[in-house]
Amino acid sequence: MENSSKQWRFEGNKRLNSASAISVRGVLDLVIGNLSTDDPRPTIPLGNGDPSQFACFRTSTTAEEAIVDAVHSAKYNGYAPTVGVLSARRAIANYLNRDLPYKLSADDIYVTSGCLQAIEVALAAINRPGANILLPRPGFTFYESRAAYEHLQVRHFDLLPDRGWEVDVDAIEDLADDNTVAIVIINPGNPCGSVYSYDHLKMVAETARKLGILVIADEVYGHLTFGSTPFVPMGIFGSIVPVLSLGSISKRWVVPGWRLGWLVTSDPNGILQKSGIVESITGFLNISTDPATFIQGAIPQILENTKDDFFLKVIVTLKEAADKCFDGIREVPCLTCPKKPEGSMFVMVKLNVSLLEDISDDLDFCMKLAKEESVIIVPAALEDGLRRIKAFHQRHVRKQ
């Protein structure tokens, strides 16, 4: 019989609840929960960058064969080294070196479980008591949720829609102080679909150097560009400012579920080593998980042997989708797209709530769109997202 007077000493971790609520997955779960179970129409999932959900996207046969070969070899059934299988790290270095003016080595590469873990590693490695980080607005909400969990203060700089979602460089210096440790640049942009020029990225790098902070370059959509501006990796400016470059095979090879990413120290001057960041990266990986070893074993074949025609097909499909999306948005009176997307798999749209009935904000719009049309989209990332989600729940309960 249970002793009713017993006082249990454990309870849930409220930090996890708060961090989860402002994550992409947390918001998606909230929106998906509004789907009507009686609606016979198929759900149109436009809320996250998972191209594998659509029949027009499938990974290359080279990638599939590489996985099979790695499994059949029986060489990759054991534990991997903390930083990743050496052959995988060499292959990733060679792949990235195609675009860099200096040469990375395997020692600069840390294999991660997708780009999400690379973000976790980066934020944990730079964190210290009182530190703050500069994040783009709009941006990828996982940075906010992970920073909240790490007790890493966030300061937002605006992306300028009338300038192709470029960074408001002038505002960065006003935001930063002695406790600022890094700035995050997402290029190609999520969720804006922007692609930054060489000159703009160099300006960001020079500003970061002036402030004495490093750059976290989220390039998970690297090379997925279909406009007039080519993809330029931030690592090109590693001699100006230390860069932690983050990437994966998830998007370019259309395999987000394979969970194979990387964190790269683009730092020919060795500043990250001297400052202890490299040691912190290894330390985090020592207490974390690894991507599947057989996928690491397949990486050399995937990166070295995939043909250009596969990438071209993906780019053509993305461009066609972006064109149709942009043209369709222009036909809807309450929607405005400040800039036609030129890269990634996203577009940022402005919603004019004043033209709609019974819609309070973008979150409310997403909820009702899911319920009425079985279409899943997500609201813009805002630093007060948790407050807005709680407010939505309260409104919903009152209406019931």
>> Salt bridge check, Lys307 against Asp309: does any charged N sit closer than 4.0 Å to a carboxylate O?
In response: no
>> Just by distance, no angles: are the side chains of Tyr102 and Asn97 close enough, under 3.5 Å, to form a donor-acceptor pair?
In response: no
> Would Asn132 and Asp177 count as having a side-chain donor-acceptor pair, cut-off 3.5 Å?
Replying inline: yes
> Thr180 and Leu211: side chain to side chain contact (heavy atoms under 4.5 Å, CB included), yes or no, with the steps?
Replying inline: CA-CA 8 Å; Thr180 305; Leu211 296 172; 6.0 Å; no
>> How long is the straight-line distance from NZ of Lys75 back to OG of Ser87, given to the nearest 0.5 Å?
In response: 9.0 Å
>> Given 3.5 Å as the limit, does a donor-acceptor pair link the side chain of Thr59 with the main chain of Trp253, or not?
In response: yes
> Stepwise, does the side chain to side chain donor-acceptor pair (under 3.5 Å) test hold for Asn286 with Thr82?
Replying inline: CA-CA 6 Å; Asn286 278 336; Thr82 294; 3.0 Å; yes
> Side chains of Met367 and Val31: does their closest heavy-atom pair fall under 4.5 Å?
Replying inline: yes
> Can you pull the side-chain hydrogen bond (donor to acceptor under 3.5 Å, both in side chains) pairs that have at least one residue in residues 234-245, sequence neighbours excluded?
Replying inline: Ser245-Ser266
> So, do Gln53 and Asp50 sit near enough that their side-chain heavy atoms are less than 4.5 Å apart?
Replying inline: yes
> Hey, is the main chain of Ala106 close enough, under 3.5 Å, to the side chain of Arg90 for a donor-acceptor pair?
Replying inline: no
> Any idea which heavy atoms bring Gln296 and Gly84 closest together, and the distance?
Replying inline: OE1-CA, 3.2 Å
> Are the side chain of Ser344 and the backbone of Tyr221 linked by a donor-acceptor contact shorter than 3.5 Å?
Replying inline: no
> Between CD1 of Ile295 and CG of Asp290, what distance do you get to the nearest 0.5 Å?
Replying inline: 12.0 Å
> Can you check whether Ser354's main-chain N or O pairs, donor with acceptor, with Asn352's side chain at less than 3.5 Å?
Replying inline: yes
> Which atoms form the tightest heavy-atom contact between Cys192 and Met348, and what is the distance?
Replying inline: CA-CB, 3.9 Å
> Among side-chain atoms of Asp267 and Thr265, is any donor-acceptor pair under 3.5 angstrom?
Replying inline: no
> Can you check whether Val111 reaches Val85 side chain to side chain, under 4.5 Å on heavy atoms?
Replying inline: no
>> Measuring from atom CD1 of Ile329 to atom SG of Cys337, what distance do you get when rounded to the nearest 0.5 angstrom?
In response: 5.0 Å
>> Has Thr112 got a side-chain atom pairing as donor or acceptor with Cys115's backbone, closer than 3.5 angstrom?
In response: no
>> Distance alone, cut at 3.5 Å: any donor-acceptor contact between the side chains of Ser374 and Asp39?
In response: yes
>> Taking atom CZ as the centre, does Arg146 end up with more than 12 heavy-atom neighbours from other residues, nucleotides or ligands that are less than 6.0 angstrom away?
In response: yes
> Considering only heavy atoms from C-beta outward, does the side chain of Leu303 approach that of Ile249 to under 4.5 Å?
Replying inline: yes
> For Ser52 and Val254, which heavy atoms make the closest approach, and how far apart are they?
Replying inline: N-CG1, 3.9 Å
> So, do Pro242 and Val215 sit near enough that their side-chain heavy atoms are less than 4.5 Å apart?
Replying inline: no
>> Donor-acceptor check, side chain of Thr293 to backbone of Gly78, threshold 3.5 angstrom: yes or no?
In response: yes
> If you measure from the Lys or Arg side-chain nitrogens to the Asp or Glu carboxylate oxygens, is any gap between Arg58 and Glu64 under 4.0 Å?
Replying inline: yes
>> Could you check whether Ser194 and Glu166, counting side-chain N and O atoms only, form a donor-acceptor pair closer than 3.5 Å?
In response: no
> Do Asp99 and His223 get their side chains close enough for a donor-acceptor pair, meaning under 3.5 Å?
Replying inline: yes
> If only atom types and distance count, is the side chain of Ser197 paired as donor or acceptor with the main-chain N or O of His200 below 3.5 Å?
Replying inline: yes
> With a 4.5 Å limit on heavy-atom distance, are the side chains of Val204 and Val241 in contact?
Replying inline: no
> Does Phe284 offer a backbone N or O that forms a donor-acceptor pair with the side chain of Ser288 under 3.5 Å?
Replying inline: no
>> Can you give me the closest heavy-atom contact between Cys334 and Leu356, atom names plus distance?
In response: SG-CD2, 3.8 Å
> Is there side-chain contact between Leu134 and Ile172, with heavy atoms separated by less than 4.5 Å?
Replying inline: yes
>> Looking at Lys202 and Asp199, is any side-chain nitrogen of the basic one under 4.0 Å from a carboxylate oxygen of the acidic one?
In response: no
> Taking the six-membered ring of Phe311, is NZ or CZ of Arg252 closer than 6.0 Å to its centre and within 45° of its axis?
Replying inline: yes
> So, does Asn127 use its side chain to make a donor-acceptor pair with the main chain of Glu150 at under 3.5 Å?
Replying inline: yes
>> Tell me whether Glu206 at atom CD has more than 12 heavy atoms from other residues, nucleotides or ligands lying less than 6.0 Å away.
In response: yes
> From Lys368 NZ over to Asp358 CG, what is the distance, rounded to the nearest 0.5 angstrom?
Replying inline: 3.5 Å
> Is Leu16 linked to Leu28 within one hydrophobic cluster, defined over Ile, Leu, Val, Met, Phe, Trp and Tyr using a side-chain heavy-atom separation of less than 4.5 Å?
Replying inline: no
>> Please tell me whether Phe226 and Phe57 are part of a single hydrophobic cluster in this structure, the criterion being side-chain heavy atoms less than 4.5 Å apart.
In response: yes
> Which pair of heavy atoms, one from Met345 and one from Lys251, lies closest together, and at what distance?
Replying inline: CE-O, 3.8 Å
>> Within the 3.5 Å criterion, strictly below it, is a donor on Trp258 or Ser250 matched to an acceptor on the partner's side chain?
In response: no
>> Are Tyr198 and Phe231, when compared by the centres of their aromatic rings, separated by less than 6.0 Å?
In response: no
> When rounded to the nearest 0.5 angstrom, what is the spacing between CG in Leu116 and OH in Tyr143?
Replying inline: 9.0 Å
>> Can you tell whether the side chains of Asp29 and Arg25 come within less than 4.0 Å, N to carboxylate O?
In response: no
> Any side-chain heavy atom of Arg259 within less than 4.5 Å of one from Pro291?
Replying inline: no
> For Glu173, which of Arg209, Arg155, Lys210 qualifies under salt bridge (Lys or Arg N to Asp or Glu O under 4.0 Å)?
Replying inline: Lys210
>> I'd like to know if the side chain of Ser105 and the backbone of Asp107 have a donor-acceptor N/O pair within less than 3.5 Å.
In response: yes
>> When you group the ILVMFWY residues by side-chain heavy-atom contacts below 4.5 Å and let the links chain together, are Ile236 and Val169 in the same group?
In response: yes
> Rounded to the nearest 0.5 Å, how far apart are CE of Met234 and CG of Leu100?
Replying inline: 12.5 Å
>> Check this for me, if you would: do Arg163 and Asp168 make a salt bridge, where the nitrogen-to-carboxylate-oxygen distance has to be below 4.0 angstrom?
In response: no
> Is Tyr149 linked to Val154 within one hydrophobic cluster, defined over Ile, Leu, Val, Met, Phe, Trp and Tyr using a side-chain heavy-atom separation of less than 4.5 Å?
Replying inline: no
>> Could you see if Leu318 belongs to whatever hydrophobic cluster contains Leu46? Use Ile, Leu, Val, Met, Phe, Trp, Tyr and a side-chain cutoff under 4.5 Å.
In response: yes
>> Apply salt bridge (charged side-chain N to carboxylate O under 4.0 Å, His left out) to residues Asp108 and Arg89 and explain how you reach the verdict.
In response: CA-CA 8 Å; Asp108 300 309; Arg89 293 160 60 211; over 6 Å; no
> Would you say Lys319 has more than 12 foreign heavy atoms packed within less than 6.0 Å of its NZ?
Replying inline: no
> Parallel, tilted or perpendicular for Trp8 and Phe10, by the 30°/60° rule?
Replying inline: tilted
> Does Asp308 CG have over 12 foreign heavy atoms under 6.0 Å away?
Replying inline: no
> Taking all non-hydrogen atoms of both residues, which atom of Trp165 and which atom of Tyr196 are closest, and how far apart?
Replying inline: O-OH, 2.7 Å
